[in-house]
Enquirer: 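Quick one: the structure is below, questions incoming.
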Amino acid sequence: GQSLEQPSEVTAVEGAIVQINCTYQTSGFYGLSWYQQHDGGAPTFLSYNALDGLEETGRFSSFLSRSDSYGYLLLQELQMKDSASYFCAPGDNYGQNFVFGPGTRLSVLP
Amino acid sequence: NAGVTQTPKFQVLKTGQSMTLQCAQDMNHEYMSWYRQDPGMGLRLIHYSVGAGITDQGEVPNGYNVSRSTTEDFPLRLLSAAPSQTSVYFCASSYSSGNEQYFGPGTRLTVT
């Protein structure tokens, strides 16, 4: 079977750094993607880790450790517009991520 | 490039009615998929397609049918609507070699 765990909620203030963790148990793991979803909106792709280590994209970074079945999304210099839900999604053997984690709701306070 | 489009945006059905949710993409993506998202939950895969003429079931396929006659279109049919199908439905597409899915704006469905 498959299982994915993320914290349900995280709160931080503007300008801070926050880390959203994801632990997974899946078959045929290929890589880990992260998506952002604002209330009432559609998920949008943020990042993908095929290899262990840190991938940086502007204020967002994502980390993967295959040996620990663990990844995280790091958001720096938080802004109010970062308030959203964040989903991790492991990829299958073809790199497709059809399974999404339960999501972490991030609230950024002024 | 319109990306992924979905119609309608909102729909109210009575129990037992049938309808089709439309999804189209203009990016020539091989993969297309349908998800449902219940309040405060993640996305659950209903059906997916790896190319025209090929479809397969996801995690929650019961009560839904799909077909893929063209690369561009992937409609989702609700056979006999039930209140448990009240949800937000997202269509997504991606390249077969890619890891990034592009999502449509969603259809908010209420079944009374």
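Residue numbers begin at 1 in each chain, while the letters A, B, ... track the order of the sequences.
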Enquirer: What is the minimum heavy-atom distance between B:P105 and A:A42, and which atoms define it?
Expert: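 Here B:P105 and A:A42 meet closest at CA-CB, 4.3 Å.
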
Enquirer: Measure A:Q37 against the heavy atoms of chain B and call it side chain, backbone, both or neither at under 4.5 Å.
Expert: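 Contact with chain B is through the side chain of A:Q37 alone.
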
Enquirer: For the pair A:R105 (side chain) and B:G40 (backbone), establish whether a donor and an acceptor sit closer than 3.5 Å, ignoring hydrogens and angles.
Expert: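 Checking the backbone N and O of B:G40 against the side chain of A:R105, no donor-acceptor pair under 3.5 Å is found.
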
Enquirer: Find out if a path of hydrophobic residues (ILVMFWY) with successive side-chain heavy-atom gaps under 4.5 Å connects A:Y70 to A:L73.
Expert: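 Unlinked, A:Y70 and A:L73 end up in two clusters.
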
Enquirer: Using non-hydrogen atoms and a 4.5 Å limit, figure out which bit of B:R108 sits close to chain A: side chain, backbone, both or neither.
Expert: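 Just the side chain, heavy atoms under 4.5 Å.
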
Enquirer: Could you see if A:L4 belongs to whatever hydrophobic cluster contains A:F29? Use Ile, Leu, Val, Met, Phe, Trp, Tyr and a side-chain cutoff under 4.5 Å.
Expert: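 Yes, because A:L4 and A:F29 connect within a single hydrophobic cluster, where side-chain heavy atoms sit under 4.5 Å apart.
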
Enquirer: Would you find more than 12 non-hydrogen atoms of other residues, nucleotides or ligands less than 6.0 Å from B:I54 atom CD1?
Expert: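 It does: B:I54 CD1 has more than 12 such atoms within range.
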
Enquirer: Determine whether B:Y89 and B:V66 fall in the same hydrophobic cluster, where Ile, Leu, Val, Met, Phe, Trp and Tyr are linked whenever their side-chain heavy atoms lie under 4.5 Å apart.
Expert: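 Yes, because B:Y89 and B:V66 connect within a single hydrophobic cluster, where side-chain heavy atoms sit under 4.5 Å apart.
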
Enquirer: Is any side-chain heavy atom of B:E59 less than 4.5 Å from a side-chain heavy atom of A:F98?
Expert: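 No, too far: nothing below the 4.5 Å cut-off.
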
Enquirer: Taking atom CD as the centre, does A:E77 end up with more than 12 heavy-atom neighbours from other residues, nucleotides or ligands that are less than 6.0 angstrom away?
Expert: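 Open.
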
Enquirer: Using 0.5 Å steps for rounding, measure from the CZ atom of B:F103 to the CZ atom of A:F45.
Expert: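 That separation rounds to 11.0 Å.
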
Enquirer: Is it true that atom CD of A:E5 has more than 12 heavy atoms of other residues, nucleotides or ligands lying nearer than 6.0 Å?
Expert: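 Result for CD/A:E5: open.
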
Enquirer: Give every residue pair that meets the ring pair (Phe, Tyr, Trp, His ring centres under 6.0 Å) criterion with at least one member in residues 5-27 of chain B, sequence neighbours excluded.
Expert: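 For residues 5-27 of chain B: none.
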
Enquirer: Which heavy-atom pair separates A:F87 from B:Q37 by the least distance, and what is that distance?
Expert: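 Nearest heavy atoms, A:F87 then B:Q37: CZ-NE2, 3.6 Å.
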
Enquirer: On a heavy-atom basis, which atom in B:Q101 and which in A:Y35 lie closest, and how many Å separate them?
Expert: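 Nearest heavy atoms, B:Q101 then A:Y35: N-OH, 2.9 Å.
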
Enquirer: Considering only heavy atoms, which portion of A:P43 lies under 4.5 Å from any heavy atom of chain B: side chain, backbone, both, or neither?
Expert: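 Contact with chain B involves both backbone and side-chain atoms of A:P43.
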
